[in-house]
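What follows is a short report on a single structure.
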Amino acid sequence: MNNRHTITALKNAAGSKQVLTASSDTLHYRQGFRSGGGDAIAVVFPSDLVTLWRVLQVCISADVIIIMQAANTGLTEGSTPSGNNYDRPVVIIQTLKMNQFLLLDDARQVVSFPGTTLFQLEDALKPLGREPHSVIGSSCIGASVIGGIANNSGGSLIKRGPAYTELSLYAQVDTQGQLQLVNHLGIELGDEPEQILENLQRHNFSADAVKQLDKLASDKDYQHRVRDVDADTPARFNADQRRLYEASGCAGKLAIFAVRSDTFQQPQQSKTFYIGVSDPTLLTKLRRDILSNFKNLPVSAEYVHEIAFDIAHKYGKDSFLAIEKLGTSRMPKLFALKNKVAALLDRQKWLPNDIPDKFLYYCSRLMPEHLPESMLQMRADYPHHLIIKMADAGIEELRAYLQNGLFSVANSGRYIECSATEAKKAMLQRFVVAGAAIRYEQLHKNKVEDILALDVALKRNEPNWVENLPEEIASEILHPLYYGHFFCHVFHRDYIVKKGYPSAKVKAQLLEMLEQQGAKYPAEHNVGHLYQAPETQQQFYQQLDPSNTFNAGVGKMPKQKHYGCGC
């Protein structure tokens, strides 16, 4: 098919109103959340699973590259085209309209469709005393369940680890170039593709059709792995072969129709402790003691360095206030509205498209102080901050530990037991750090060349987790922002590069340092189009997608059909 025939066939399959082709209409879907983008001949919005199957059939017949996209909240350009050097036309299939989910086994498990979001599940499970895999961070901006599993994302919740399941329903293109539907969901739904999809869409199956298989629906080994503080390897990272399984970690190399995953019991009570220290070795001791000796693991433990605190305090204030005042339920729509306004401004070449962001920033400067005095005083006194959330019996366990001598040296540190308001504000402050770096860049374009955002998994026994940049690198950076998931030793390191310094060179220098340290990267945002996938991960992608039909070029692999091998 030529492009015109392909577009006609897509409209016949999905409905003419569900296919966008004009460049201005598709711009929002062709650009990454933080960076990246490229051309596509169409963006298609299937409304149900059967329609998605038919759209895929059209795409395979037309020999186009398929990019599956949900909320497009990825940070490494993994859910959009990357440049325009593809050997085939690109079609983006936008899945958010297919946002149903099914609760199984008294809500102990859930079957999520392509567009089901973390927030949807969190909202539905809360009255039942259950939670989805992730309840913080990306859930605020509408990230999808399947997107998280496809990238082994998350892991900030220490007891749960990265998003993972071995139970999924997906389509792939086999070695003969034929589209195949694979039902490994553990639910008997029929034999033919459209029958299977129709039965799932309509919930047309009996309780007996749901099988209890010897397959994982979450990473049940992670608690044991993260407790091994003497291990000479990281606790989690995207290319970990133990967690590359069909849909899990596929990075869009499959078309996933549904995944079946575990939910988790809500704690009866929780308490957040805010810790500040001058000497980071105190936090090293605390981490090792808790992971080695505590009966109860923390719910989460988030580290924030002083520079990240300051940038978030000033440049993340509007995001902080929006989430606090409007609630997470409205955030996906707010982000979508802001992006649409930016897309409209993009059509006017004489107007910058960051006007909405700058407007929100300056409005926030007129608002009263948003952080509690206790946090501001902690920042004034200490450069290293740790926000630990404990649940149920773990609350008293940590309280007793902190009262028994961690801060025996005068002025070495202190902690506060947060009120509900302080706890909420502390986590919001942590959440807005990443976006604050981007806002800083928008407001200081004359000083900033680029932002390098690395998510890094250090070895579990790594004592030198506080980075000490050599002068030749430090001189090229305005501000390094350090924050992350401390007990997992997964850190986000955002480097605001000075104007005039080539960011590619700086990145190469930083990655070389990480290699020497035995670190793994990326840790949780996956390779996208920004990182070179290691050989084992490339082999996994090629096994899933031998013709290179889905998300071609991910992991900096070849974009050509069959990966350019000529077969």
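Along the sequence shown, residues carry numbers from 1.
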Open item on the list: Treating Y29 as the side-chain partner and D25 as the backbone partner, does any N or O pair qualify as donor plus acceptor under 3.5 Å?
Closed with: no
- [ ] Any chance you could measure Y495, atom OH, to L510, atom CG, to the nearest 0.5 Å?
- [x] 5.0 Å
- [ ] Kindly give the heavy-atom pair with the smallest separation between P114 and T95, and that separation in Å.
- [x] O-OG1, 3.3 Å
Open item on the list: Tell me whether R30 contacts the main-chain N or O of V43 through its side chain, where contact means a donor paired with an acceptor under 3.5 Å.
Closed with: no
Task: Side chain N72, main chain Q31, donor-acceptor under 3.5 Å - done: yes
TODO: Taking the six-membered ring of Y531 (Phe, Tyr or Trp), confirm whether the NZ or CZ of K507 is under 6.0 Å from its centre and within 45° of its axis.
DONE: yes
Task: Step-by-step side-chain hydrogen bond (donor to acceptor under 3.5 Å, both in side chains) determination, H489 to E462 - done: CA-CA 8 Å; H489 258 198; E462 178 59 67; over 6 Å; no
Open item on the list: Counting only heavy atoms not in K358 (residues, nucleotides, ligands), do more than 12 fall under 6.0 Å from its NZ?
Closed with: yes
Open item on the list: Applying the ring-ring contact (aromatic ring centres under 6.0 Å, His included) criterion to F491, which one of Y521, Y482, W465, F237 satisfies it?
Closed with: W465
Task: Short side-chain to backbone donor-acceptor contact, N238 and V527, under 3.5 Å - done: no
Task: Name of the residue among N551, T549, D545 meeting side chain to side chain donor-acceptor pair (under 3.5 Å) with K253 - done: D545
- [ ] State, without any angle test, whether T80 and Q69 hold a side-chain donor-acceptor pair at a distance under 3.5 Å.
- [x] no
Task: Separation of E476 CD from K505 NZ (nearest 0.5 Å) - done: 5.0 Å
TODO: Assess whether atom NZ of K559 is packed by more than 12 heavy atoms of other residues, nucleotides or ligands within 6.0 Å.
DONE: yes
Open item on the list: Return the CD to CG distance between Q172 and L254, rounded to the nearest 0.5 Å.
Closed with: 6.0 Å
- [ ] State whether the side chain of T21 and the backbone N or O of A42 hold a donor-acceptor pair below 3.5 Å, judged by distance alone.
- [x] no
- [ ] Locate the shortest heavy-atom distance separating N526 from A150; write the atom from each residue and the value.
- [x] ND2-O, 3.9 Å
TODO: Return the orientation label for the H492 and H525 ring planes: parallel under 30°, perpendicular over 60°, tilted otherwise.
DONE: parallel
Task: Pairing of D219 and R236 as salt bridge, 4.0 angstrom limit - done: no
Open item on the list: Under a 3.5 Å distance rule, please check whether R88 uses its side chain to pair with a backbone N or O of I65 as donor and acceptor.
Closed with: no
TODO: Classify the side-chain pair Q180/D174 by whether it contains a donor and acceptor separated by less than 3.5 Å.
DONE: yes
Open item on the list: With a 3.5 Å distance limit and no angle check, can you tell me whether R225 reaches the backbone of A235 through a side-chain donor-acceptor pair?
Closed with: yes
- [ ] Mark yes or no for whether E449, through its side chain, and G500, through its backbone, hold a donor-acceptor pair below 3.5 Å.
- [x] yes
Task: Y164 six-ring centre to R243 NZ/CZ under 6.0 Å and within 45° of normal - done: yes
TODO: Determine whether K498 and L478 make a side-chain contact, defined as any pair of heavy atoms from C-beta on separated by less than 4.5 Å.
DONE: yes
Open item on the list: Assess, by modelled atom type and distance only, whether the side chains of R439 and Q442 contain a donor and an acceptor separated by less than 3.5 Å.
Closed with: yes
Open item on the list: Can you see whether R430 engages Y483 through a side-chain donor-acceptor pair at a distance of less than 3.5 angstrom?
Closed with: no
Open item on the list: Would you say H444 and Y315 are linked by a side-chain donor-acceptor pair, where the criterion is simply a distance under 3.5 Å?
Closed with: yes
